Visitor: 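Would you mind keeping the following structure in view while I ask a few things?
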Amino acid sequence: MHGLIATILLAILFTGFQVFEYAEASFDISDGIYGSTFYMATGFHGFHVIIGTIFLAVCLYRLYKFHFTTTHHFGFEAAAWY
């Protein structure tokens, strides 16, 4: 449980750093190939992290509600694979 909480907190921290990086960047998505490549790559990765964070938060909620057992935990497995 503690590892799952730590993972969610680190994902939120990562997303916060990405927002900060976007706010402080001295270039724009329309500033040529570097800007468009940077924002496309980091944007897709950030979106992936946000979806994964939501997925893991739902798993944490389900863990607190005792929805998982040693034989029935596919939701958590799916989140881990994602």
Side-chain angles (χ1 to χ4, degrees):
M1 179 182 318
H2 297 292
L4 183 56
I5 293 170
T7 302
I8 292 169
L9 291 176
L10 287 171
I12 292 168
L13 182 67
F14 170 83
T15 304
F17 278 131
Q18 188 168 4
V19 168
F20 175 75
E21 184 177 25
Y22 280 12
E24 296 296 319
S26 61
F27 52 89
D28 197 299
I29 195 168
S30 61
D31 287 342
I33 190 68
Y34 179 77
S36 60
T37 303
F38 173 81
Y39 283 106
M40 184 66 76
T42 59
F44 274 123
H45 183 247
F47 181 71
H48 174 78
V49 171
I50 289 169
I51 297 300
T53 305
I54 294 168
F55 210 163
L56 291 174
V58 169
C59 285
L60 182 63
Y61 172 77
R62 291 187 66 200
L63 185 63
Y64 276 124
K65 294 292 185 174
F66 301 104
H67 291 179
F68 297 130
T69 66
T70 56
T71 59
H72 179 77
H73 53 271
F74 178 74
F76 183 77
E77 278 188 62
W81 277 99
Y82 179 81

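Note that the coordinates shown come from a computational prediction; the quantities given were computed from them, not determined experimentally.
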Visitor: Under 3.5 Å, is there a donor-acceptor pair between the side chain of H72 and the main chain of F68?
Guide: no

Visitor: I'd like to know if V49 and F44 are part of one continuous hydrophobic network [Ile/Leu/Val/Met/Phe/Trp/Tyr, side-chain heavy atoms within less than 4.5 Å].
Guide: no

Visitor: Between CD of E77 and SG of C59, what distance do you get to the nearest 0.5 Å?
Guide: 10.5 Å

Visitor: In terms of hydrophobic clusters joined by side-chain contacts under 4.5 Å, are I12 and L63 together?
Guide: yes

Visitor: Check whether any side-chain N or O of S36 sits under 3.5 Å from a backbone N or O of I33 as a donor-acceptor pair, and report yes or no.
Guide: yes

Visitor: Using the side-chain hydrogen bond (donor to acceptor under 3.5 Å, both in side chains) rule, collect all pairs that involve residues 11-20, keeping only residues at least two apart or in two chains.
Guide: Q18-Y22

Visitor: CG of L56 to CD1 of I8: how many Å apart, nearest 0.5 Å?
Guide: 5.5 Å

Visitor: Side chains of Y82 and H48 only: does a donor on one sit below 3.5 Å from an acceptor on the other?
Guide: yes

Visitor: Please determine whether residues F55 and F76 belong to a single hydrophobic cluster, defined as Ile, Leu, Val, Met, Phe, Trp and Tyr linked transitively by side-chain heavy-atom distances below 4.5 Å.
Guide: no

Visitor: If you define the side chain from C-beta out and look only at heavy atoms, does anything of I5 sit under 4.5 Å from L9?
Guide: yes

Visitor: Shared ILVMFWY cluster between F66 and Y61, side chains joined below 4.5 angstrom?
Guide: no

Visitor: Calculate, to the nearest 0.5 Å, the distance between atoms CG and CZ belonging to L10 and F17 respectively.
Guide: 10.0 Å

Visitor: Could you measure the distance from the CZ atom of F38 to the CG atom of D31? Nearest 0.5 Å is fine.
Guide: 12.0 Å

Visitor: With hydrophobic residues grouped by side-chain heavy-atom distances under 4.5 Å, do L4 and M1 end up in a single group?
Guide: yes

Visitor: Verify the neighbour count for atom CZ of F47: are there more than 12 heavy atoms of other residues, nucleotides or ligands below 6.0 Å?
Guide: no

